[in-house]
Amino acid sequence: MTTDILADLNSKQREAAETIDGPLLIIAGPGSGKTRVITHRIGYLVRVCGVTPYRIAAVTFTNRAARDMRQRLVPLLGPGIKDLVAGTFHSFCAMILRREGQAMGLDRNFAIYDDSDQVELIKRCMKEVDVDPKRFAPRAIQSRISGAKSQLLGLEGYAAAGKDYFDEIVLRVYERYEQLLTRSAALDFDDLLFKTHALFEKVPEVSDKYQNRYVHFMVDEFQDTNVAQYAIAKHLSQKYRNLCVVGDPDQSIYSWRNADIRNILSFQTDYPEAKIIALEENYRSTQTILGAAGKLIASNTQRVEKDLWTSNGTGVPIVVNECYDAPEEAQFVVKEVMNLQDGAYALGDIAVMYRVNAQSRALEEACLRYGVPYQLIGGLKFYQRQEVKDLTAYLRLVANPTDDVSLTRVINVPARGIGRRTLDELTRIARDASISMYSAIEGLVGANENGGPADVAAGALAARSVKALTDFRNLIKELAAKSEELDLIELIDLVLQRSGYKRYLVEEAERGEERWENIQEFRASARDYLVMGIREALTAFLESVSLVSDVDTMEERADAITLITLHQAKGLEFPVVFIVGMEEGLLPHLRSMDDPSEMEEERRLCYVGVTRAKERLFLLRAFRRGFRGSSEPGLPSRFLADIPEELIVTPGRSASGGSKQAGRQSVSRRSIDTVTRRRVTDGASDQDPVMPAVTTGDKVRHAKFGDGIVVSRVPSGTDFEVTVAFKEGHGVKRLLLSFAGLEKVE
DNA sequence: GCGCTTTGATTTTTT
DNA sequence: ATCAAAGCGC
């Protein structure tokens, strides 16, 4: 039994999985089988030690990581897996607060404000407390407030610590911000952590309940946790002291989001008895890649040395190349991709990574031009799109009408004659009475219906404005009432119809068609929630909308290359990796230049990128790069200088014109052959596409409906639902991919 | 109150 | 280059 589960672990991994009593720190280098250790450790706990999954919590950095973990655990835990808590800190805390938050006066239907909601609210606060948004960037204030919460200072702590002039300003906004959040029954991202911690501190019954429950608590990506997260982990494992944290200080890349690498040090002082296990064997990369990574990270001074090694072969040299500008760099990538594809690789084996999202543009254009299918992660995030946010705001209002940010967002979308004047007046009333804007409307409407001439509140508003507000209130009321009898999809349809949003999009809005399609995609994503009761479904759906990121929904596709930021790439691996924009000012980024510790973080970011690669790595830079219109020459990244020359091959400067293909091609060819042999012996084909690789925009043929174009593709259970627009009067059809028998046509 | 034009600023990374 | 906020005429 015992040997069964841990059989395929190496001795260190095995030791980590078997250490189940007391605090444990696992330092896991890149590619060292970290996820494997975590899942096997859980499997061992359940299968061998007889711990019920209900008593285990595993917190990961992304939902995607949690999903992967669950998937791998299914064969080990069977149906018991549903009792295992596996999620991000934020979703874990949201769950606790929904369940227990009333103990400290929290509304069960609290809204969750994401980043942009926060900034909206902060702008409004600034107006109210008379802080000029031109002198002080709302974003900067938001980041201070976020910092205060992440470090568990909160308003009081911040007030006590604050010193300089800017702090004074922030404090004024912060105070109002908290009032408005409370008034809106809303929590921001940081509150999810901050309030959970506060709940544990203030309400012993709740604290006891969860401390008793979690006999084993595990934290993944520990190097990227903040003070609040660590405090919560500590708190929950106080009783059993079985806290297992896994991380790699060299991959800490989120200090800007208040992640505190010192947590690793604190862990060792907080738990002096902790066992520390380092996983140093790398199963992922070639010696060449690992060697380059090692040299790269060795230049950091603030680090604990590690001895990473691999028994993999040497592999092929790293390709370093300079191109003239970003478009040429992108073209180089695409040409190489085409070479690799004829050789040994599928498109899904290839990723292109970059420092800033803006760099994806040139890459997309090149892919489009040469017909290379790509999958862009992040960028203009789906849930951040205007139409999706608008619809979400309506749904949030149905769940919680006191949500001021959502109300302000859609009260006049589509236009209903509620303009700035009315809105200003409404804000004033709400402020004076310390109530939400929705309640303010209720008040106005009530006063108006009673026909009181001494109607002080509405005095400043025209009758037609009051009428418009009344109509809006009735709309929300109606939606809320009807929502009880509908399912989530029906509710969405009702919202779209009754609010006039559908008509607005289709008939008047710019790019209406495209945006309507996004709405359709969003609507389809609600499908997963139909099994629950409407109320529960609505809350869960809204929560996932706020808490789910783009990497989370990333599909493993064999038929497209992946374009992704270095940050998002953490935790992923690809046989072939291109890192573009290896230039001073970009990687390392300009903003890190004057701070040595930020510079070290840039280096770690680069290290993360390099260590994503299994077999082939390309490091590219452009001689000059466009920046907001103009274009400026740049210098090669200092990180390139850290990589030993013997690990590098340079195709030669790709000067304009001429026969630049020849030399490069021969290098590529030879290298691919080497790799091909290895891959064949591995016998590992990680993808077996049973279904045709059909994606949005593809031309397809159906036996009955003929030719059409794929409008959208949405996961649906283990299958995909594709929406296809067919020609010749067959119209738009929704089909399940596995049954549709679609054939791709060119 | 609405919609057009002008002006001005602008984020690096994301749960 | 791009987008949001402010200003202005209807």
Side-chain angles (χ1 to χ4, degrees), chain A residues 59-66 87-94 112-116 118-120 123 127 132-135 137-140 142-143 146 149-150 187-193 221 224-226 228-229 252-259 353-361 377-381 383-384 386 411-425 461-462 464-465 468 508 510 543-552 564-570 581 585-593 598 601-602 604-606 608-609 626-631:
Chain A
V59 183
T60 56
F61 190 71
T62 60
N63 292 293
R64 185 196 145 83
T88 62
F89 260 108
H90 288 84
S91 58
F92 178 66
C93 289
I112 298 174
Y113 283 176
D114 70 17
D115 225 54
S116 57
Q118 279 179 58
V119 173
E120 280 312 305
K123 282 188 196 156
K127 219 186 264 175
D132 183 1
K134 292 209 174 114
R135 282 193 60 199
R139 194 79 239 185
Q142 187 269 333
S143 121
S146 169
K149 292 182 179 183
S150 306
L187 299 184
D188 65 24
F189 268 5
D190 304 299
D191 278 337
L192 292 175
L193 308 172
E221 305 286 7
D224 284 320
T225 53
N226 63 31
Q229 289 166 327
S252 156
I253 53 173
Y254 282 97
S255 74
W256 52 273
R257 216 175 68 190
N258 304 305
M353 305 180 182
Y354 37 82
R355 178 67 236 259
V356 305
N357 277 121
Q359 289 173 264
S360 70
R361 176 72 69 92
I377 311 296
L380 329 156
K381 287 177 260 300
Y383 292 115
Q384 300 288 10
Q386 203 185 152
I411 194 168
N412 205 31
V413 182
R416 324 184 151 83
I418 302 173
R420 212 178 67 199
R421 248 191 91 83
T422 311
L423 222 48
D424 282 349
E425 183 56 19
L461 287 176
R464 46 179 290 173
S465 301
E508 357 177 358
E510 309 231 336
E543 199 160 295
S544 85
V545 169
S546 331
L547 263 29
V548 163
S549 73
D550 289 293
V551 239
D552 296 335
I564 192 168
T565 65
L566 288 161
H567 280 90
Q568 293 187 110
K570 191 177 73 161
L586 237 196
L587 183 64
H589 196 270
L590 194 66
R591 301 273 294 246
S592 330
M593 292 293 188
E598 283 181 40
E601 180 149 318
E602 293 292 309
R604 291 194 293 268
L605 187 56
C606 187
V608 165
F627 184 67
R628 290 214 262 274
S630 68
S631 165

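Order of the sequence lines fixes the chain letters, A, B, ..., with proteins taken first and strands second; residue numbering starts at 1 for each chain. Everything numeric in this text was worked out from a predicted model, so none of it was measured.
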**OP:** With heavy atoms under 4.0 Å as the rule, sort A:S465 into base, sugar-phosphate or nothing.
**Re:** sugar-phosphate
**OP:** With heavy atoms under 4.0 Å as the rule, sort A:D114 into base, sugar-phosphate or nothing.
**Re:** nothing
Subject >> Under 4.0 Å protein heavy-atom contact, by nucleotide of nucleotides 4-10 of chain C - B base, S sugar-phosphate only >> reply: -S-----
Original post:
Does the separation of the ring centres of A:W256 and A:H589 fall below 6.0 angstrom?
Top reply: no
Between [N] ([atom2]) and [X] ([atom1]): distance, integer Å:
X: A:I411; N: B:dC2; atom1: CD1; atom2: C1'; answer: 16 Å
X: A:M593; N: B:dT12; atom1: CE; atom2: P; answer: 13 Å
X: A:L590; N: B:dT10; atom1: CG; atom2: C1'; answer: 13 Å

**OP:** Only counting residues at least two apart or in another chain, list the ones meeting salt bridge (charged side-chain N to carboxylate O under 4.0 Å, His left out) with A:R139.
**Re:** A:D115
Subject >> Counterpart residues, salt bridge (charged side-chain N to carboxylate O under 4.0 Å, His left out), relative to A:E221 (two or more places apart) >> reply: A:K34, A:K570
Kindly give the atom pairs (protein nitrogen or oxygen, nucleotide nitrogen or oxygen) under 3.5 Å for nucleotides 13-15 of chain B.
{"unit_1": "B:dT13", "atom_1": "OP1", "unit_2": "A:N357", "atom_2": "N", "d": "3.2"}
{"unit_1": "B:dT13", "atom_1": "OP1", "unit_2": "A:N357", "atom_2": "OD1", "d": "3.2"}
{"unit_1": "B:dT13", "atom_1": "O2", "unit_2": "A:W256", "atom_2": "NE1", "d": "3.2"}
{"unit_1": "B:dT13", "atom_1": "O2", "unit_2": "A:R355", "atom_2": "NH2", "d": "2.6"}
{"unit_1": "B:dT13", "atom_1": "O2", "unit_2": "A:H567", "atom_2": "NE2", "d": "3.3"}
{"unit_1": "B:dT14", "atom_1": "OP1", "unit_2": "A:T565", "atom_2": "OG1", "d": "3.0"}
{"unit_1": "B:dT14", "atom_1": "OP1", "unit_2": "A:Q568", "atom_2": "NE2", "d": "3.3"}
{"unit_1": "B:dT15", "atom_1": "OP1", "unit_2": "A:S549", "atom_2": "OG", "d": "2.6"}
{"unit_1": "B:dT15", "atom_1": "O4'", "unit_2": "A:R257", "atom_2": "NH1", "d": "3.3"}
{"unit_1": "B:dT15", "atom_1": "O4'", "unit_2": "A:R257", "atom_2": "NH2", "d": "3.3"}
{"unit_1": "B:dT15", "atom_1": "O2", "unit_2": "A:H90", "atom_2": "NE2", "d": "3.2"}
{"unit_1": "B:dT15", "atom_1": "O4", "unit_2": "A:D115", "atom_2": "OD1", "d": "3.4"}

Original post:
Mind checking the C1' distance from C:dA6 to B:dT11? Whole angstroms is fine.
Top reply: 22 Å
Which residues share a side-chain contact (heavy atoms from CB on, under 4.5 Å) with [X], sequence neighbours left out:
X: A:D114; value: A:S116, A:D117, A:F189, A:Q384, A:K389
X: A:S465; value: A:T422, A:L461, A:A462
X: A:V413; value: A:D390, A:Y501, A:Y504
X: A:S360; value: A:Y354, A:E364, A:L376

**OP:** Quick one: list whatever passes ring-ring contact (aromatic ring centres under 6.0 Å, His included) with A:F61, sequence neighbours left out.
**Re:** A:Y254
Original post:
Which sits closer to the 5' end of DNA chain B, A:G417 or A:F627, going by the nucleotide each is nearest to?
Top reply: A:G417
Original post:
Between A:R591 and A:R464, which has a closest nucleotide on DNA chain B that is more 5'?
Top reply: A:R464
Original post:
Do A:R604 side-chain atoms and A:S252 backbone N/O form a donor-acceptor pair below 3.5 Å?
Top reply: yes
